[in-house]
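Right, one structure below, let's go through it.
We use all heavy atoms of the structure for the numbers below, so side chains are in, but hydrogens, waters and symmetry mates are not. Reminder, nothing fancy here: chain letters follow the sequence lines and each chain counts from 1.
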4 protein chains.
Amino acid sequence: MNYDIKDINQADSGRLRIEWAEESMPVLKKIRTRFASEKPLKGINIAACLHVTTETAALMSTLKAGGADVTLCASNPLSTQDAAAASLVANDQIPVFAIKGEDEKTYYRHILACLDSRPQITMDDGADLVSILHTERSAAVAGIIGGTEETTTGVIRLRSLAREQRLKYPIIAVNDASTKHFFDNRYGTGQSTIDGIVRATNRLLAGSAFVIAGYGWCGRGLAMRAAGMGARVIVTEVDHLKALEAVMDGYQVLPMAQAAAIGDFFCTVTGNKHVIRKEHFLAMQDGAIVSNSGHFNVEIAIDELAAMASQRRIVRPFVEEFTLREGRPSIQRDGYELRKPSPCGGIFSYA
Amino acid sequence: MNYDIKDINQADSGRLRIEWAEESMPVLKKIRTRFASEKPLKGINIAACLHVTTETAALMSTLKAGGADVTLCASNPLSTQDAAAASLVANDQIPVFAIKGEDEKTYYRHILACLDSRPQITMDDGADLVSILHTERSAAVAGIIGGTEETTTGVIRLRSLAREQRLKYPIIAVNDASTKHFFDNRYGTGQSTIDGIVRATNRLLAGSAFVIAGYGWCGRGLAMRAAGMGARVIVTEVDHLKALEAVMDGYQVLPMAQAAAIGDFFCTVTGNKHVIRKEHFLAMQDGAIVSNSGHFNVEIAIDELAAMASQRRIVRPFVEEFTLREGRPSIQRDGYELRKPSPCGGIFSYA
Amino acid sequence: MNYDIKDINQADSGRLRIEWAEESMPVLKKIRTRFASEKPLKGINIAACLHVTTETAALMSTLKAGGADVTLCASNPLSTQDAAAASLVANDQIPVFAIKGEDEKTYYRHILACLDSRPQITMDDGADLVSILHTERSAAVAGIIGGTEETTTGVIRLRSLAREQRLKYPIIAVNDASTKHFFDNRYGTGQSTIDGIVRATNRLLAGSAFVIAGYGWCGRGLAMRAAGMGARVIVTEVDHLKALEAVMDGYQVLPMAQAAAIGDFFCTVTGNKHVIRKEHFLAMQDGAIVSNSGHFNVEIAIDELAAMASQRRIVRPFVEEFTLREGRPSIQRDGYELRKPSPCGGIFSYA
Amino acid sequence: MNYDIKDINQADSGRLRIEWAEESMPVLKKIRTRFASEKPLKGINIAACLHVTTETAALMSTLKAGGADVTLCASNPLSTQDAAAASLVANDQIPVFAIKGEDEKTYYRHILACLDSRPQITMDDGADLVSILHTERSAAVAGIIGGTEETTTGVIRLRSLAREQRLKYPIIAVNDASTKHFFDNRYGTGQSTIDGIVRATNRLLAGSAFVIAGYGWCGRGLAMRAAGMGARVIVTEVDHLKALEAVMDGYQVLPMAQAAAIGDFFCTVTGNKHVIRKEHFLAMQDGAIVSNSGHFNVEIAIDELAAMASQRRIVRPFVEEFTLREGRPSIQRDGYELRKPSPCGGIFSYA
């Protein structure tokens, strides 16, 4: 069996962690029991490009219990839990291609390795696997029955492809399920983003000014939790209706140009590009903490920040400090360990 | 029996309302049952200067059940519930001197009438009765055993008297009871202030900017409720520790000079004088709604507002509109019906 | 001009109140200015069956400014503000047929009087006017161009008619507008329901157990506000997804059979019939306060309660007490003054 | 220089982390600047028994800047941050005796080593150092000028000593400072407890039932945060007034005997012993997560749990699973990394 993971010796601790995750997944456990006897996926070859976490591992072993052949790669270079990957390889004999912190080249090489399994079904989170399948590996499309896509961002990419009549097989938009965007995006991303920021920064949220860019499902989940931790929440939002909702929910709503000068914490969850950019960095207070929880690592114009910086250094795991030339330091978080597969979960700058 | 009330014919509706209030006063009802058999206050003459509400009425009838002779006057010219007063006179034979909306002269005449009963015990809310007893009626002090005082403001006045060694009999500071300031000031005043503002103005709080002057027990109760109704709360506070608490509780804290330009609603609960004054009125938006929930009608410099106004008119019950000369209208609430005896409950301007 | 209102002498106070309401309706004021010059509705005859409030009055005068002939009747016998009705008649020459507290016979007579205006456009809130137009006055349908319907309940009735191909002209479902159900149902009904319950009962919400039947837009708005006032919120909900949302929002979710024994307050906002019924009343604590904020007066089985009662009496305006035969009193609120046209605003029992 | 730490090579990363912490300690930084020029502590020997964290490190270097000789040991075997300890030794030449996870014997040996410095001033968090000084090292008391004590639990121990006239030198109760118990206990412990539980368990709080034993400053801080994360909070409290406050704050209040069967999470912050014990464990659901955030490791009767268990195993770092003999597993968290010196921060079971 071909695979590429960090350390097979983490398989035992990975198995314990997967079992722990499964305690919160009673429905999946029931499905696995049924799958084990009915084998509905017998002979089906599945390639999955997902956050390689303990929860995903539970899903993979369930698919395998249903008779499928499964290959897994990461949908995010930073979210991989190496122990979960090791357990899938060692305990479930599922090929995994994912190493936490892998560089961009490895990331894409792993997706290609996953596609080498000649899948009939694809499972995607962000549409990177489907994109490559439609371009570099278009010959393999013929064998595909269909696929799934987890996240808002991926669904937007696929809808765009479909409109141009270039999407070559049907894909289920998992994100459209009410139980997905109502719950995962709101409650899951809300907690995991707060958790990631606190783990990375060790800062007290109570009494801080917390700027949230975007008031979609993820943004409102994050706003609930930031307020729940005692922060004063400020929302930026370009959609009028959502901005109005944020106001009615009791938050201050400002353009980023004004919010930049106020925030102690900033987090982007918009799906858009360069939501925080040069002019905003210049307006920020010393020590402002900037983070992204959107799917792609594009919401913060890190290049523009880097170009202004006289110095950059890693001051804590996942926290990079940028000192601006005129002598004002500005803090840039560049990532944090993702705890669960979340469509809004962050990808951050990785040098 | 001598008394002065609005309309004795309201006694029946008053009795129903008092019974309704008593449903929320199970402890008092138990005390009344015990008092009725033990008569611990037999022969004691009590003069009470309290908010003449249904809850106070339940207290008065309990004291009478315990054997006391009770006389009641109002501690606030606007908080009297005329039906409760009528029921006390007609159904309990308790002399009451209180008419909702009475002018200042009548207010003081009623206190004097109450003192004519030659009390041995005084019950006060704001220390007006005790003040008059120590000045205009100092001869009557000799017969007094002791008294009680309900509210923060009154306790401050009495402590000042005591420091100067001019307080002539012992008074229990009811406000110091944990069950008083933790509960009445915080939860009671919080709800009743919101309720009063909404009844008077009929405005939606969600999405508004609500400025609260003062972060004492009353102020924090009001802040909880205003935020709970969806308002964005801004606090002004001169005490550093309390200001810090307001920040840590997630509120924006600003000096009134800055808050004035932001607020849709303003409410003072400080116990201080002229917290909102000329320069603040001039900074406010058109249509800003200004109210007081502190004990005395001094927190808002209404005279300064009036001096700037080209026009004043009552636009709704308890809402007076001031149009400033330069053409910008500013709205001034001048009072609302108090629902319960609350030490922070409002006294407002009465022409 | 033909009309039927309570008292034309309330026109002046009504005008003041309408002006006050207009201060919160800046968009409508802009439309009125444009309508006054463009007259886009010139010669159009409109029959409106809406909550006859100050806000509706502002809308009516705007339509008239646009050139329309307007006739107005009530969509709810209890929500009419008589002063607003008087002002429309006296100051705007708009025929109004609505008296607060009118009985059922008068209510329907007023709808018929409104239809006598031979409208080309109908505006409805609950679909009563459209229903009568399709039955008793079907001859008048021919002249209709189209209509609008405000509320969830009305839209459901009309969709049902349309499915059976019996709806004879197009109707715009105003409730489907995001600015309607996101805002009016959630924030408007949330505040106005709390406000109505507090005005009617004068009870403290903090520390109480508040049972909300239904977690639609209105229910969740009410839950936010009840929790914001310090109540412990318990939700009952038959839709699994909504029930799950209520759990994730931090509320306790129970079947009514269990919630009945816990609640201090109950409020129904389901759109369904007999959500609280005999077995629930029997399980309730003494003094439980039961109210409806759904559109129709059917969510509480008042008949079943009445059949068990040895005594009923009005103990406060809009509060009716039922004493059960076995000696346990149970309190039933039967209605309250509605402050604004709200699709979930209550219709209650009127003897 | 004598010292006992984990790994001196962590000094560089420790310095970075201490600098990071200092960014949130602007007042301390000002004091250090003043101390560096004024040297007010010149020649004073200080022994500190505190949580050995980055924040404490910043304090230690400030005292040294003021001229003091400082020696540091841990007040909790689990809260030590080894990198901070290394930096103090390598960069500040301050002797430190603390290793994260040290056993009980080492813990006390370190305290004795700290006392070997012959201090004139003691700084304590929990009163362990002072206790040993009064017993095993009573000869050293003579040289002591005074001391400080951080936490509620320690202050209670010292007050008890003082009442018996056995406390041999004056100690400042830091916990009595308003900025301490209002802020650290409420906001600090609130966030750090939630953070510790989420890091250890990786579970979603939204929608869970979270039982908090104790509604003191720490308990109410934790309740705010648990509710803010979307949990349904249940409080147990033996003090009537505090229990009433919890009710009025909107929480369900139950005896532990009833709460035990409901909770998904349990956290003790009472300062008392065996708040959760045999009968409660037997009533709990499978998978219940039990933790302590009180100062001492005595609030949960771990021995009683262990005696009932057929199996115990570490399933994640800081999480120990107990399987009860009758086949029902119960989960016991036994500790987590403390992020900051907090008087309520946890000590947990360590086998």
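- Inter-residue side-chain proximity for B/Arg186 and D/Glu245 is flagged as met; some heavy-atom pair is nearer than 4.5 Å.
- D/Tyr187 is listed as a side-chain neighbour of B/Asp249, based on a closest heavy-atom distance under 4.5 Å.
- Between the OG atom of B/Ser178 and the NE2 atom of D/His240 there is a distance of 14.0 Å, given to the nearest 0.5 Å.
- Atom NZ of B/Lys273 sits in a sparse spot, with 12 or fewer heavy atoms from other residues, nucleotides or ligands closer than 6.0 Å.
- Between the CG atom of D/Leu241 and the CZ atom of B/Phe183 there is a distance of 4.5 Å, given to the nearest 0.5 Å.
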